[in-house]
Amino acid sequence: MKARIARLILDAARAAHDKGQLPCGSFEEVVVETPKNEQHGDFATNFALVSARSQKMPPRKIAQILADNLEEDGALFASVKIAGPGFINFYLRPEAWYPVLEEIHRRRLDYGSSTFGRGRKVQVEFVSSNPTGPLHVGHGRGAAVGDAVANLLDFCGYDVQKEYYINDSGRQIQTLGRSVWLRGSELIGKQVDFPEDCYQGAYIRDIARQLLDKKGEQLFAEQSREAVMECARFATEQIIRGIRQDLERFKVVFDNWFSEQSLYDSGQYERIISHLEQEGLIYPKDDALWFKTSSFGDEKDRVVVRANGQPTYFASDIAYHRNKFERGFDTVIDVWGADHHGYIGRLTAAVEAMGYRREQFKVILVQLVNLLRGGKPVAMSTRAGEFVTLADVIDEVGTDAARFIFLTRDTNSPLDFDLELAKQKSNDNPVYYVQYVHARISSIMAKAAEKGIDGQPSENGNLRLDTPEEITLIKTLARYPEVVELAARAMEPHRVTFFLMELAARFHAYYNKHRVLGDDRELTLSRLHLVEAVRLVIQNGLKLMGVSAPTQM
RNA sequence: GCGCCUGUAGCUCAGUUGGAUAGAGCAACGGACUUCUAAUCCGUAGGUCGCAGGUUCGAAUCCUGCCAGGCGUACCA
């Protein structure tokens, strides 16, 4: 619709120029937008204002000339007005909106999808929590955001892969193995002084017990490199299995689980590092190996291999991201907790140093989640092993509520997650507010079917939708594709949840004011047509956010 | 010190990438269920968009400088 109006304006400008009414023949880009204030029409353009300079004319005068030259058959506009400093406001006839409903009914859950991604390969990597303990609430937010962003990009025509990166190498895995081994030897009756730097959580003891049952006491008889390694391997497997289960309950399914260790086992790490050394991007200093990140915008150079010969986490990440691009991804998106933001500079530098454009690597930073219960902070200490896990949250408030709430905030803002509020089935809780729309409409459809009402309103002629609430609803539905595209481009899923809340509010208002099922068959069919379109868009949007659309509540 | 994020109604937050009179929800007050689900709706009230400059027809939005809070600033991850 916007494109159509923009074309009409451009045609008008050309016509005016040909008649000599406008001096300048090269025109600015025509931008058509929907004003926030409904009194300013359904669409508006600032074209006259931005053209004032090149045309050397007052904006209102340009606007008038354009309006006079507008070629339109009267089917679209009820009126065209010039307002304020020189805006041109377009008021559409109600019927002009009806094709939106047809499109929704035709495309159903595809409505709003697009092809601007042109099939380009994109990878979204998210959660990627260390396999040293269960997922907690913060990971839940990352999971919800990453999954929704991936869904949005897929919906907009990208070829998307969701990946989980398993940090199954390095020091923290050694620590994990040691923690399990120590707990195991406790279980067989040894006196153990459990160190502070080991993982304190109760799950470590559970894993030790399982391993003890499986392998017997001799594993814990004497601490050896092999014994600790075996503990580490077993624990990692167990924890990953748990993480995978939690994520499945949270309705997040990854296309690929990528092991950090595999980079070393396959020799990819060695290959990439020596390649970078040959290119002079890596150099030795103070017994360590350094990457020249400072030549690519980072504050300083960074260590990739420590003086003791151990590669840093950064070294793995260089190899890992190289590997991603070698797999053919055009763009690589990482979803990180905001506390990792200091890392962006060096990894971006590394990506650029390896010959890729910096725009091909994007990081979505997700700010902290503050867990509350009834307004009071819930104490969380990973060190002491006291934290509320994602599984606990799912048990208590459910996947739908948790996911939706995680997506009700810009990722740049910290999020207060109140467990009490998330459980409440009231207006305070936006999930139910939106889902309720779907349930209500489903109920109407069921009732209509019961009464034997079915059929297309268009069979009997035109739609009869002309109350202000109905027109407003259709206009809102019309905005959905634009919202989705914007959300995908900006990688900001919260735009969709806010849209859904707005659509829900408009529907509830309509529902309270007008009856869908009535004695007038033609009117009833028209309204069913509208209401079904609303239901489809709600279902559509909730699906992108990974939230279910219940038919009953 | 430097870097990133944030600052909008009493509270929690949106704000279509520079547009017109800055919007929701909660909390407060007053109303609406014999009719498709009251997990809903309608109404009233609430603002120096952190502060000060600048850019221009036009700024919550862009630039500069301050102020406040969070996070980061490892040969940790």
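Each chain gets a letter, A, B and so on, in the order its sequence line appears, and its residues count up from 1. What you see is a predicted model; the values in this text were computed from it and never measured.
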Reading RNA chain B 5' to 3', what string of ( ), [ ], | and . shows its pairs, if Watson-Crick and G-U wobble pairs count only when both distances fall under 3.5 Å? (((((((..((((.....[...)))).(((((.......))))).....(((((..]....))))))))))))....

Looking at the side chain of [X], which of [options] is the nearest nucleotide?
X	options	value
F87(A)	A39(B), U21(B), A20(B)	A20(B)
N89(A)	A77(B), A20(B), U37(B)	A20(B)
R440(A)	A38(B), C36(B), A20(B)	A38(B)
Y436(A)	C36(B), U40(B), U21(B)	U40(B)
T34(A)	U16(B), C4(B), U37(B)	U16(B)
Q172(A)	A38(B), A77(B), C41(B)	A77(B)

Could you grab the distance from atom OH of Y320(A) to atom OG of S128(A), nearest 0.5 Å is fine?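 It is 5.5 Å, given to the nearest 0.5 Å.
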
When rounded to the nearest 0.5 angstrom, what is the spacing between CG in D416(A) and CG in N370(A)?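 The CG atom of D416(A) sits 5.0 Å away from the CG atom of N370(A).
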
For nucleotides 7-15 of chain B, tabulate all protein N/O to nucleotide N/O atom pairs closer than 3.5 Å, reporting atom names and distance.
{"from": "U12(B)", "atom 1": "O2'", "to": "R409(A)", "atom 2": "NH1", "distance (Å)": "3.3"}
{"from": "C13(B)", "atom 1": "OP1", "to": "R409(A)", "atom 2": "NH1", "distance (Å)": "3.2"}
{"from": "C13(B)", "atom 1": "O5'", "to": "R409(A)", "atom 2": "NH1", "distance (Å)": "3.0"}
{"from": "A14(B)", "atom 1": "OP1", "to": "D410(A)", "atom 2": "N", "distance (Å)": "3.0"}
{"from": "G15(B)", "atom 1": "OP1", "to": "H494(A)", "atom 2": "NE2", "distance (Å)": "3.1"}

Could you check, using the six-membered ring where one of them is a Trp, whether F361(A) and H321(A) have ring centers closer than 6.0 angstrom?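 Yes, they do, as the ring centres are separated by less than 6.0 Å.
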
What I want to find out is whether D197(A) reaches R178(A) closely enough, with some N-O distance under 4.0 Å, to be called a salt bridge.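 Result for this pair is yes, salt bridge flagged.
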
Please tabulate, one pair per line, each protein N/O and nucleotide N/O from nucleotides 55-58 of chain B that are separated by under 3.5 Å, including the distance.
{"from": "C57(B)", "atom 1": "OP1", "to": "R53(A)", "atom 2": "NH2", "distance (Å)": "3.4"}

Which pairs with one or both residues in residues 287-298 of chain A pass side chain to side chain donor-acceptor pair (under 3.5 Å), sequence neighbours excluded?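 Those involving residues 287-298 of chain A are T293(A)-D298(A), S294(A)-D301(A), D298(A)-R302(A).
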
Is the charged tip of R440(A) near the ring of Y511(A): under 6.0 Å from the six-membered ring centre and within 45° of its axis?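 Geometry flag: set, cation within 6.0 Å and 45°.
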
Need the glycosidic conformation of C33(B): syn if within 90° of 0, anti if not. Which one?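 Here the answer is syn: the torsion falls within 90° of 0.
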
First of A83(A) and S169(A) reached from the 5' end of RNA chain B, by closest nucleotide: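 The residue mapped nearer the 5' terminus is A83(A).
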
Identify each atom pair where a protein N or O and an N or O of nucleotides 68-73 of chain B are less than 3.5 Å apart, giving names and distance.
{"from": "C71(B)", "atom 1": "O2", "to": "H341(A)", "atom 2": "NE2", "distance (Å)": "3.0"}

Is there a side-chain contact between Y433(A) and the phosphate of C41(B), meaning an N or O under 4.0 Å from OP1 or OP2?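 It does, given that an N or O in the side chain of Y433(A) lies less than 4.0 Å from OP1 or OP2 of C41(B).
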
Applying salt bridge (charged side-chain N to carboxylate O under 4.0 Å, His left out), which residue pairs with at least one partner in residues 502-518 of chain A are found, sequence neighbours left out?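 Output for this query lists E469(A)-K513(A), R479(A)-E502(A), E502(A)-R506(A).
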
